[in-house]
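Keep in mind that the numbers below use all heavy atoms, side chains included, and drop hydrogens, waters and symmetry copies.
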Amino acid sequence: MTRAMLRPRSGAIAVEERLARSAAATEGADIKTSEMLDWLTERRKVCTAQIRQVPFTELHGWSFSPDTGNLSHRSGRFFSVEGLHVVRPSIEWQQPIIVQQDIAILGILAKEFDGVLHFLLQAKMEPGNPNLVQLSPTVQATHSNYTKVHGGTGVKYLEYFLDRDRDQVLTDVLQSEHGAWFYHKRNRNMIVEVHGDVPQDEDFRWFTLGQLGELLRHDNVVNMDARTVLASAPMTHPERRALSSDNDLLSWFTDQRAGQDIQARCIPLNQTQGWRRGTHSVHRPDDKFFRVVGVCIEAASNREVPSWTQPLLEPVAPGIVGFAYRTFDGVPHVLVHARVEGGFLDTAELGPTVQYVPANYMHLPAEQRPPFLGLMLNAAPERIRYEAVHSEEGGRFLYAESRYMIVETDESTTPTEAPAGYHWVTPGQLSWLAGHSRYVNVQARTLLAALNYAGI
């Protein structure tokens, strides 16, 4: 009879404590903090990729179905652009949506140097990045990519995330992506610690969390995939009190989800009302929200294949994403919004206080614009605790930039008694929820990464 062997529920040294030490380390063993941006600039200079928009007829391997009008790849893999029909009690709409069944691996390797955890990030080219090259996870690949459907080379370091005998998994959680642009999309966010030697490619460097926090203060440096993995790490926070207990918070959010009346289903793209298909884009006649376009990528030096074509979703204008921030009896809180999006697997996820593209609403009277939008747009400089422009996932979105903000507010603008659909939570409570699937949306996870690592 085999004797059952029990293991500690956590390591001898708590993961949270080790992450906190890394977040406090402003210098690293692999690259000096003062040299980080210069190194990234150098990697951009050696990037030979050229990106140009092309008509849909020049997308190699991609075509619109004669029956449904859906835009898909001839392999049946990667992703497709279909229609989405959303019905809520007070509003109904149709739109194109990206459908991607593949669960991508977004994985970061961790390793101790001189007793401090460092994290291996890649200077990676993505066609939709405004500056082409940003810091990405060690591995950022869909199942179609790493099974080589594209016929290219293998994904570097992938074995560390597929090997079931990996040394230690620090975090491993399925997270959603943009519910307004993806239908039921999920990614596997992982941090895996290694103890042996790791061969290092010239496009990769080891950073402490403190160094990454410094980089999060710069525009378009740390990509969306790296930000969401970092936010999913089990960071500790000093607060022991909050406006709501953890149980009350979960009950409130469960009530928000259960109370939503929403029906969302995929429909043929050619039956999507209010959208037109031209030679170069699928778009609305009023040019609001976003368009679907085609791009050609040539001479990409650090990708698995050097050249390819694909569709991308292009927003029509930059967004504003922000948390209202207040301190109650010495304990910091941020105002989250139980945000409903048509592509979510569940009805709602916790989003930022504000998550909008202002250009879509500025024609409306002030009282009809989204709540708290003016608070972010008109924030006094002395109240802005964090501000940086970040782009969204450059493999699916073209120049999708938002101004991310954390703004200190007061009782007159964001009362203690939050309005319906909003709730005050501490950074520690938000970190706790981000360690589980589909609680915190991808935009809020970017702001959480800033709260955790950028010294807010």
### N360 side chain vs F289 backbone, donor-acceptor pair below 3.5 Å
yes
### Query
Heavy-atom count around R326 CZ within 6.0 Å, excluding the residue itself: above 12?
yes
### Task
Taking the side chain as every heavy atom from C-beta outward, state whether T272 and I267 have any pair of such atoms under 4.5 Å apart.
yes
### Message
Using modelled atom types and a 3.5 Å cut-off, is there a donor and acceptor pairing between side-chain atoms of T353 and backbone atoms of V336?
### Response
no
### Message
For the CG atom of L243 and the CH2 atom of W424, what is their distance to the nearest 0.5 Å?
### Response
8.5 Å
### Task
Identify whether the distance between the nearest side-chain nitrogen and carboxylate oxygen of E408 and R383 falls below 4.0 Å.
no
#### Entry: Short side-chain donor-acceptor distance under 3.5 Å, Q260 and R88
yes
### Query
Of R240, E239, H237, which meets side-chain contact (heavy atoms from CB on, under 4.5 Å) against T426?
E239
### Query
Do H333 and T327 have side-chain N/O donor and acceptor atoms under 3.5 Å apart?
no
### Message
Taking A348's backbone N and O only, do any of them form a donor-acceptor pair with R257's side chain (distance below 3.5 Å, no angle check)?
### Response
yes
### Query
Can you name the one residue among V81, V282, I98 that meets side-chain contact (heavy atoms from CB on, under 4.5 Å) with L71?
V81
### Query
L433 versus L250: any side-chain heavy-atom pair under 4.5 Å?
yes
### Query
salt bridge (Lys or Arg N to Asp or Glu O under 4.0 Å) with R284: which residues, sequence neighbours excluded?
D286
### Query
Can you find a side-chain donor-acceptor pair between T33 and E214 that sits under 3.5 Å?
no
### Heavy-atom closest contact (A450 atom, I456 atom, distance)
O-CG1, 3.2 Å
### Cation over ring face, R339 and Y356, 6.0 Å, 45°
yes
### Task
Could you walk me through whether F397 and H178 pass ring-ring contact (aromatic ring centres under 6.0 Å, His included), step by step?
CA-CA 11 Å; F397 311 129; H178 304 74; 5.1 Å; yes
### Task
Mark yes or no: R396 above the aromatic ring of F182, with NZ or CZ under 6.0 Å from the six-membered ring centre and no more than 45 degrees from the axis.
no
### Task
Run the numbers on N441 and L350 for side chain to side chain contact (heavy atoms under 4.5 Å, CB included), then give the verdict.
CA-CA 6 Å; N441 82 350; L350 294 178; over 6 Å; no
#### Entry: Residue pair W181 / P315, side-chain heavy-atom distance below 4.5 Å
yes
### Note: R445-E177 ion pair, threshold 4.0 Å (strictly below)
no
### Query
So, R52 side chain and I297 main chain: donor-acceptor pair closer than 3.5 Å or not?
no
### Message
Quick one about Q140 and D225 (side-chain donor to acceptor, distance below 3.5 Å, no hydrogens or angles considered), yes or no?
### Response
yes
### Message
Strictly distance-based, threshold 3.5 Å: is any side-chain N or O of S22 a donor or acceptor partner for the main-chain N or O of T208?
### Response
no
### Task
Kindly indicate whether the side chain of R186, heavy atoms from C-beta on, has any atom under 4.5 Å from the side chain of I103.
yes
### Message
Quick check with a 6.0 Å cut-off and a 45 degree axis cone: is R291 positioned over the face of Y399's six-membered ring?
### Response
no
### Message
Would T409 and Y325 count as a side chain to side chain contact (heavy atoms under 4.5 Å, CB included) here? Give the steps.
### Response
CA-CA 6 Å; T409 59; Y325 178 102; 5.9 Å; no
### Query
With no hydrogens and no angle check, is any side-chain donor or acceptor of S251 less than 3.5 Å from a backbone partner on N247?
no
### Task
Report yes if some heavy atom in the side chain of L215 is under 4.5 Å from a heavy atom in the side chain of M36; otherwise report no.
yes
### Query
Given the rule in the side chain to side chain donor-acceptor pair (under 3.5 Å) test, do E82 and T68 qualify, once you have shown the distances and angles that lead to the verdict?
CA-CA 8 Å; E82 305 180 17; T68 64; over 6 Å; no
### Message
Does this structure show an ion pair linking D102 with K185, if we count only N-O contacts that are shorter than 4.0 Å?
### Response
no
### Polar side chain donor-acceptor pair, Q443 to S402, under 3.5 angstrom
no
### Task
For N131 and N220, work out which heavy atoms get closest and say how close.
ND2-O, 2.9 Å
### Message
For Q310 and W308, which I'm curious about, is there any donor-acceptor pair between the side chains at under 3.5 Å?
### Response
yes
### Summary
Closest non-hydrogen atoms of P358 and L373, given as atom of the first, atom of the second and distance, are CG-CD1, 4.3 Å
### Task
Quick one: closest heavy-atom pair of L448 and A231, and the distance?
CD2-O, 3.7 Å
#### Entry: Heavy-atom closest pair, residues T414 and F372
CG2-CE2, 3.8 Å
### Query
Would D201 and K156 pass as an ion pair if we require N to O under 4.0 Å?
yes
### Query
Say you draw a straight line from SG of C266 to OH of Y183; how long is it, rounded to the nearest 0.5 Å?
5.0 Å
### Summary
In short, F253 meets A338 closest at the heavy-atom pair CE1-CB, 4.2 Å
### Criterion side chain to side chain contact (heavy atoms under 4.5 Å, CB included) on L364 and Y361, from CA distance to verdict
CA-CA 6 Å; L364 298 173; Y361 303 96; 4.1 Å; yes
### Query
With S176, which of R438, E341, E349 fulfils side-chain hydrogen bond (donor to acceptor under 3.5 Å, both in side chains)?
E349
### Query
Under 3.5 Å, is there a donor-acceptor pair between the side chain of S245 and the main chain of D248?
yes
### Query
Does T138 reach the main-chain N or O of L120 with its side chain, forming a donor-acceptor pair under 3.5 Å?
yes
### side chain to side chain contact (heavy atoms under 4.5 Å, CB included) assessment of M125 paired with R43
CA-CA 9 Å; M125 189 285 295; R43 299 321 300 163; over 6 Å; no
### Message
Counting only heavy atoms not in H218 (residues, nucleotides, ligands), do more than 12 fall under 6.0 Å from its NE2?
### Response
yes
### Query
Hey, are the side chains of Y157 and L109 touching, using non-hydrogen atoms and a 4.5 Å cut-off?
yes
### Message
Checking N223 against E393: is there a side-chain donor and acceptor pair closer than 3.5 Å?
### Response
no
### Message
Has S232 got a side-chain atom pairing as donor or acceptor with T228's backbone, closer than 3.5 angstrom?
### Response
yes
### Task
Using a cut-off of 6.0 Å, state whether more than 12 heavy atoms not belonging to E417 lie near its atom CD.
no
### Query
Going by the angle between their ring planes, with limits at 30° and 60°, are Y386 and H390 parallel, tilted or perpendicular?
parallel
### Message
Any non-hydrogen side-chain atom of L84 less than 4.5 Å from a side-chain atom of Q94?
### Response
no
### Message
Taking L121's backbone N and O only, do any of them form a donor-acceptor pair with W206's side chain (distance below 3.5 Å, no angle check)?
### Response
no
### Message
Taking CD in Q200 as the centre, count heavy atoms belonging to other residues, nucleotides or ligands within less than 6.0 Å. Is the count above 12?
### Response
yes
### Task
Evaluate the salt bridge (charged side-chain N to carboxylate O under 4.0 Å, His left out) criterion for residues D203 and K124: first the C-alpha distance (whole Å), next the side-chain angles of each, then the deciding distance (0.1 Å), finally the verdict.
CA-CA 7 Å; D203 286 321; K124 185 180 181 70; over 6 Å; no
#### Entry: Cation over ring face, R241 and F328, 6.0 Å, 45°
no
### Query
Is there a side-chain contact between F64 and N70, using heavy atoms and a 4.5 Å cut-off?
no
